[in-house]
Engineer: 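My questions will all concern the structure given below.
Keep in mind that this is a model prediction, so the values were computed, not measured. Protein chains get the first letters and strands the later ones, always in sequence-line order, with residue 1 at the start of each.
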Number of protein chains: 4
Amino acid sequence: MNSQTRQLSNHAPQNSQLVEQEEKRTDLGFGTKLTDSKIRLVNQDGSFNLVRQHGSLWDRLNVYNRLITMSWVQFFSWLLVAYLFTNTLFAGVYMLTDPSTLVGIADEKLNGPFWKCFFFSSQTLTTVGYGHISPNSFLTSSIAAFESMIGLLAFALATGLLYGRFSRPLARIRFSKRSVFAPYLDVNAWMFRIINTRPNQLINLEITATLTRLEPKGDGTLTRKYYPLNFERSKVSFFPANWTLVHPITEKSPLYGSTPEELEQADSEILISFQALDDTFVQSVHTRFSYRYDEILWGHKFRPMFDGDQQTRLDLDKLDETEEAELN
Amino acid sequence: MNSQTRQLSNHAPQNSQLVEQEEKRTDLGFGTKLTDSKIRLVNQDGSFNLVRQHGSLWDRLNVYNRLITMSWVQFFSWLLVAYLFTNTLFAGVYMLTDPSTLVGIADEKLNGPFWKCFFFSSQTLTTVGYGHISPNSFLTSSIAAFESMIGLLAFALATGLLYGRFSRPLARIRFSKRSVFAPYLDVNAWMFRIINTRPNQLINLEITATLTRLEPKGDGTLTRKYYPLNFERSKVSFFPANWTLVHPITEKSPLYGSTPEELEQADSEILISFQALDDTFVQSVHTRFSYRYDEILWGHKFRPMFDGDQQTRLDLDKLDETEEAELN
Amino acid sequence: MNSQTRQLSNHAPQNSQLVEQEEKRTDLGFGTKLTDSKIRLVNQDGSFNLVRQHGSLWDRLNVYNRLITMSWVQFFSWLLVAYLFTNTLFAGVYMLTDPSTLVGIADEKLNGPFWKCFFFSSQTLTTVGYGHISPNSFLTSSIAAFESMIGLLAFALATGLLYGRFSRPLARIRFSKRSVFAPYLDVNAWMFRIINTRPNQLINLEITATLTRLEPKGDGTLTRKYYPLNFERSKVSFFPANWTLVHPITEKSPLYGSTPEELEQADSEILISFQALDDTFVQSVHTRFSYRYDEILWGHKFRPMFDGDQQTRLDLDKLDETEEAELN
Amino acid sequence: MNSQTRQLSNHAPQNSQLVEQEEKRTDLGFGTKLTDSKIRLVNQDGSFNLVRQHGSLWDRLNVYNRLITMSWVQFFSWLLVAYLFTNTLFAGVYMLTDPSTLVGIADEKLNGPFWKCFFFSSQTLTTVGYGHISPNSFLTSSIAAFESMIGLLAFALATGLLYGRFSRPLARIRFSKRSVFAPYLDVNAWMFRIINTRPNQLINLEITATLTRLEPKGDGTLTRKYYPLNFERSKVSFFPANWTLVHPITEKSPLYGSTPEELEQADSEILISFQALDDTFVQSVHTRFSYRYDEILWGHKFRPMFDGDQQTRLDLDKLDETEEAELN
């Protein structure tokens with residue numbers, strides 16, 4: 001380390017316009033370098049397109065999160081597999097010690113000694129303990145004492161996982177498959193709409209949207225830029241029916257004057273962040289979504305979701321229905 | 001898609017007064033189109049008058065939320081029904097295989113083989129496993145091994161549900177049945193009051209109210225409008241006794257100069273949103289309420305809730321008591 | 001209802017100075033009418049002095065909150081009582097049906113049929129089910145099937161309660177028994193100090209204090225007034241050791257120029273509200289406290305809590321230690 | 001107490017410049033007196049260097065927090081120890097009463113009466129209750145009835161602890177081992193970077209940093225001062241990859257013009273506070289970290305963490321990689 005690097009900032013300017021510019025730049029956390037047009041930033045299920053290497057095995061397995069977020073069918077299948085595996089394992093251990101010390105029932109009744117050990121294991125693991133098979137030696141008694149403890153802990157774990165799955169705050173918000181550029185009052189607007197697919201109430205909803213597109217820097221290389229899109233109304237207290245989000249295209253909008261070709265060329269994507277409060281458990285719920293340039297319909301508008309004249313019958317199947325409408 | 005719709009906003013005005021007006025409009029999320037005077041927006045239990053169609057079966061059943069929010073009597077009845085149903089089901093399965101392989105007790109002692117199977121099932125499901133009935137074949141042992149796993153998971157589920165029911169943040173706020181227009185200082189005020197029916201403490205309370213009424217648009221059709229109502233005090237730190245909310249009717253109030261007839265004609269409703277922090281678990285609690293025009297008493301005031309002269313004896317039964325009072 | 005009361009606000013002034021004054025008044029939720037000098041507003045354990053009448057029995061019992069907040073000794077005693085009571089109840093039911101249908105062990109071994117029924121009940125309720133006593137009739141089998149379900153639900157309940165007790169966010173903040181008026185820089189200050197008695201970390205701490213005192217109104221009757229007291233520092237990020245809260249007595253302070261006699265005459269009380277984030281579970285914790293006029297030492301200052309010269313040995317027992325100090 | 005101390009503030013100045021200065025001082029809660037250069041304020045695991053004396057035994061043991069925060073190996077070891085200990089204890093009690101009243105199996109099969117008692121205890125505690133050993137007297141039946149209740153409560157406790165361990169919001173943020181002074185745009189900057197080692201998403205991230213250093217007071221004694229360090233960007237919405245925090249060294253920075261020698265002499269330490277929202281359970285996560293003067297590399301910059309040209313392959317092992325870079 002020479003003296004030049006040790007004395008910090010002596011030759012540096014006192015103020016820097018570049019730093020000020022950089023501080024004003026909007027960034028959601030993706031940075032400016034993701035310029036590969038084949039990759040969308042946010043998938044429609046809210047995940048990111050990123051491969052992570054060399055994390056610890058445990059972190060990569062991420063067992064708890066997977067068990068919480070997998071489907072119910074997968075979850076119960078894994079529980080069943082774990083139950084059968086553990087019983088097979090302990091049955092093997094009893095076989096290795098001495099199956100004849102598990103007494104009380106003739107082996108042939110249960111298709112031989114292995115299955116006797118297996119069923120004894122299952123009766124121990126679940127603590128059902130009928131006692132028609134029972135351990136008759138010090139060694140098998142010890143193993144059974146250990147197994148019954150393991151069994152209780154395993155079901156304690158299952159209890160926690162089941163509760164975690166149930167109580168997890170989960171907004172079942174459905175976004176319309178496409179967003180539209182539609183006429184709106186005396187201008188045009190970019191719109192999409194959402195519904196809550198579950199009957200429980202969401203309150204204090206808030207949505208933000210950010211347009212991201214590639215722009216050439218001075219040297220011709222592409223850099224990714226981010227622009228917030230303001231909605232006519234980005235917060236509501238209640239969410240009884242559907243909610244159409246409206247970004248009016250006025251001079252202030254970064255979308256002002258754009259064409260479909262421009263949006264495609266710039267690999268445009270609109271990132272959406274949703275949050276609300278679930279009323280049942282008063283928990284925050286968060287959701288991400290995104291519309292790419294090819295998920296925007298030009299000169300279309302949404303059809304009403306209410307059933308005919310009735311203002312209080314909401315038809316959830318009509319979420320994605322649009323019709324052509326001439327832009328202003 | 002013709003070239004006109006593809007070029008966005010070129011002929012649109014650069015700024016729009018209509019957009020600006022729309023952006024300033026208050027809206028809680030109900031929109032402007034609910035103009036049917038037979039329907040109130042918020043019921044007094046906080047629910048909305050909306051029928052939802054075509055959701056997925058699972059979302060419509062909404063099992064978890066129902067099990068959490070139903071009454072305790074209903075909840076335990078459902079548990080008992082599920083228990084009896086599961087035992088009957090497994091008893092049927094044991095009957096189909098071979099009830100004679102469940103050995104240890106004479107069938108006639110328990111009113112025949114079906115009930116032997118039923119009680120064996122219950123002893124397996126709850127893992128009580130006395131062993132005076134025990135499975136004596138490979139098939140019944142397998143079924144019993146599966147049933148005991150199901151049993152443990154089911155009671156794990158019940159544990160989670162019970163905890164969910166208990167730990168759910170629930171404000172037992174009672175609103176006075178009617179609100180009043182009462183004299184207040186040298187003006188009048190719209191008032192209602194609330195109590196906490198439970199002895200646990202609520203802190204950091206906050207209440208907002210919104211007047212909604214139908215107003216004719218330029219073309220004579222009705223549109224729903226929303227106006228915030230300011231309280232003299234809308235936040236308090238502690239809630240030891242009752243709390244009377246006071247909206248003074250001064251020139252700034254949207255209620256200034258109104259008559260009962262006007263409120264009725266405009267299908268007026270005042271929507272109330274309450275939030276606080278439960279002190280025991282430091283959880284947020286939220287409640288909705290509403291007063292319609294016909295739930296407002298004109299020229300009445302609330303009677304004190306304290307018992308005689310004693311400033312520290314609060315009589316919860318006096319919440320709704322009012323008396324006539326001449327308006328200013 | 002006459003026409004006079006129906007036309008609202010017509011004769012009322014358009015603006016009201018009284019309303020504006022009232023809106024500016026500070027109030028924590030206690031109101032202005034608690035003027036009984038025998039009653040303090042907030043007890044030092046954070047509770048309020050208020051008797052509530054006529055609530056529903058269930059709300060008054062408030063079983064869940066009591067089970068969560070009672071001491072561990074009380075909690076386990078109640079569990080034991082409930083266990084013995086339930087077993088006695090079911091033993092009675094088995095006695096009423098026919099104890100001779102519980103077979104497998106001679107009555108005299110267990111001090112007669114009642115105790116045989118009692119122990120059978122306990123083995124059923126806990127699902128231990130040894131089987132050396134077993135139900136040998138339809139009726140006792142049915143009761144046992146029901147009891148084992150009850151047993152599992154009861155222990156599910158106990159699991160939930162135990163977890164609720166453990167996971168409840170609880171700040172074990174200890175406030176110094178007395179607060180002091182001490183010299184501070186070139187003025188005086190009102191001070192108190194707090195420690196966290198548990199080794200787990202609290203972060204993002206925030207404290208507010210409000211002076212409340214009785215003041216005569218124009219007509220000579222007493223009314224309760226509230227004044228916020230500003231601390232030199234009311235928020236800190238970390239709380240590694242003790243924290244001394246300092247309210248400097250400058251001209252801006254509502255305590256400026258007061259004497260002990262004045263504070264006593266005005267029934268003065270300083271209400272304190274504390275909140276922080278527990279680092280282990282990232283839960284909010286809240287605490288209330290109060291110092292009355294007779295819990296303030298005049299001309300005293302706190303002694304350091306560190307052990308001799310060592311800046312990193314905090315002696316929790318020194319929290320309340322003060323010494324005389326001449327005021328500026 | 002003389003009359004001088006009773007009359008508060010009479011001779012004190014009405015306004016105090018010292019008080020105003022003190023109010024403007026930044027303090028995280030460590031105070032000004034920690035001037036021992038051997039002690040860092042925050043360890044890199046987020047803990048503080050403070051010994052606490054004389055707390056209550058229960059508070060010092062802090063059983064719940066320890067059981068929640070210890071490693072899984074330690075946790076399961078403690079459970080096993082507790083299980084063996086409890087069984088040994090109850091085995092002792094059964095030995096003291098009369099082991100011959102536990103009937104059903106010959107003592108010699110299980111290595112003598114003690115082990116018979118031990119295994120009977122384990123079958124009772126876990127409620128497995130085979131029944132091949134069963135209590136044949138009033139006294140042993142009573143003890144067994146008590147033990148099975150204890151067993152269920154103990155496993156209820158274990159259930160709660162397991163769930164608490166799993167559901168605890170825990171940010172597995174890894175900070176780069178060293179921070180750097182690197183060239184940045186046309187100035188220099190102090191930088192460090194972080195990754196999320198787990199695949200679950202963090203959203204709404206926020207980081208603050210505070211420089212603390214010793215400075216001489218007027219009388220030559222050292223006092224600890226705190227200065228906030230502003231990042232070019234201290235909040236992001238998403239955290240898909242790594243995040244490099246950049247504090248530009250312009251005139252406004254408290255680090256402007258410093259040298260390594262100065263930082264060392266002043267015992268400088270930069271304290272970092274991180275918070276975010278875990279997306280799976282929508283829980284807040286908080287982390288503390290700190291870099292001391294000797295954990296800052298001068299004239300180094302971070303190497304990219306992406307794998308070659310691929311913008312979407314993040315190599316977590318490259319977090320700490322830096323290379324020399326000449327400062328501006």
Engineer: Considering non-hydrogen atoms only, spot the tightest contact between Thr126(C) and Met149(D) and give its length.
Structural biologist: CG2-N, 4.2 Å
Engineer: Picking from Ser122(C), Ser237(C), Ser253(C), Gly129(C), which has the most non-hydrogen pairs under 4.5 angstrom with chain D?
Structural biologist: Ser237(C)
Engineer: Considering residues, nucleotides and ligands other than Phe138(D), do more than 12 of their heavy atoms fall under 6.0 Å from its CZ?
Structural biologist: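 Correct, the count exceeds 12.
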Engineer: By a 4.5 Å heavy-atom criterion (distance strictly below it), what part of Ile203(C) contacts chain D: side chain, backbone, both, or neither?
Structural biologist: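 For Ile203(C), side-chain heavy atoms alone lie under 4.5 Å from chain D.
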Engineer: Looking at Val19(D), Asn136(D), Thr101(D), which one has more heavy-atom pairs under 4.5 Å with chain C than the rest?
Structural biologist: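 Ranked by heavy-atom pairs under 4.5 Å with chain C, first place is Asn136(D).
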Engineer: Which residues pass the ring-ring contact (aromatic ring centres under 6.0 Å, His included) test with Tyr94(D), sequence neighbours left out?
Structural biologist: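 So Tyr94(D) forms a ring-ring contact (aromatic ring centres under 6.0 Å, His included) with Phe120(D).
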Engineer: Among Gly131(D), Ser134(D), Gly160(D), Ser141(D), which has the most heavy-atom pairs under 4.5 Å with chain C?
Structural biologist: Ser141(D)
Engineer: Below 4.5 Å, heavy-atom pairs only: which of Val103(D), Leu125(D), Leu153(D) has the largest tally toward chain C?
Structural biologist: Leu153(D)
Engineer: Is it the side chain or the backbone of Ser284(D) that comes within 4.5 Å of chain C heavy atoms, both, or neither?
Structural biologist: both
Engineer: Which of these passes side chain to side chain contact (heavy atoms under 4.5 Å, CB included) with Ser142(D): Phe119(C), Phe118(C), Trp115(C)?
Structural biologist: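 So the option named by the test is Phe119(C).
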Engineer: Could you list the residues that satisfy ring-ring contact (aromatic ring centres under 6.0 Å, His included) with Phe238(C), not counting sequence neighbours?
Structural biologist: Phe30(D), Phe48(D)
Engineer: Which value, rounded to the nearest 0.5 Å, describes the distance between Asp278(C) atom CG and Asn65(D) atom CG?
Structural biologist: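 Rounded to the nearest 0.5 Å, the CG-CG separation comes to 6.5 Å.
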Engineer: Count the heavy-atom pairs under 4.5 Å between each of Leu18(D), Leu41(D), Thr69(D) and chain C, then report the option with the highest count.
Structural biologist: Leu18(D)
Engineer: Among Arg66(D), Lys24(D), Gln275(D), Arg288(D), single out the residue with the greatest number of heavy-atom pairs under 4.5 Å to chain C.
Structural biologist: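 Looking at each of Arg66(D), Lys24(D), Gln275(D), Arg288(D) in turn, Arg288(D) comes out on top.
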Engineer: Any side-chain heavy atom of Glu22(D) within less than 4.5 Å of one from Val246(C)?
Structural biologist: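 No, their side chains stay 4.5 Å or more apart.
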Engineer: With a 4.5 Å cut-off on side-chain heavy atoms, are His132(C) and Pro135(D) touching?
Structural biologist: yes
Engineer: OH/Tyr130(C) to OG/Ser148(D) distance, rounded to the nearest 0.5 angstrom?
Structural biologist: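 Result: 6.0 Å between the selected atoms.
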Engineer: Show the nearest heavy-atom pair for residues Arg25(D) and Arg233(C), with the distance to one decimal.
Structural biologist: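 Arg25(D) and Arg233(C) have their closest heavy atoms at O-NH2, 2.9 Å.
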Engineer: Counting only non-hydrogen atoms closer than 4.5 Å, does Pro240(C) touch chain D with its backbone (N, CA, C, O), its side chain (CB onward), both, or neither?
Structural biologist: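 For Pro240(C), the contact with chain D is made by backbone and side chain together.
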Engineer: Sort out for me which of Val42(D), Leu157(D), Thr159(D), Thr140(D) touches chain C most, counting heavy-atom pairs under 4.5 Å.
Structural biologist: Leu157(D)
Engineer: If every non-hydrogen atom of Gln123(D) is compared with every non-hydrogen atom of Val128(C), which pair is closest and at what distance?
Structural biologist: O-CG2, 3.8 Å
Engineer: Contact part of Leu110(C) toward chain D, heavy-atom cut-off under 4.5 Å: side chain, backbone, both or neither?
Structural biologist: both
Engineer: With a 4.5 angstrom heavy-atom cut-off, could you sort out which part of Asn230(C) is near chain D: side chain, backbone, both or neither?
Structural biologist: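 For Asn230(C), neither part sits under 4.5 Å from chain D.
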Engineer: Chain D: which of Leu185(C), Asp317(C), Ile133(C), Ile105(C) shares the most heavy-atom pairs with it under 4.5 Å?
Structural biologist: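 Going by pairs under 4.5 Å, I would pick Asp317(C).
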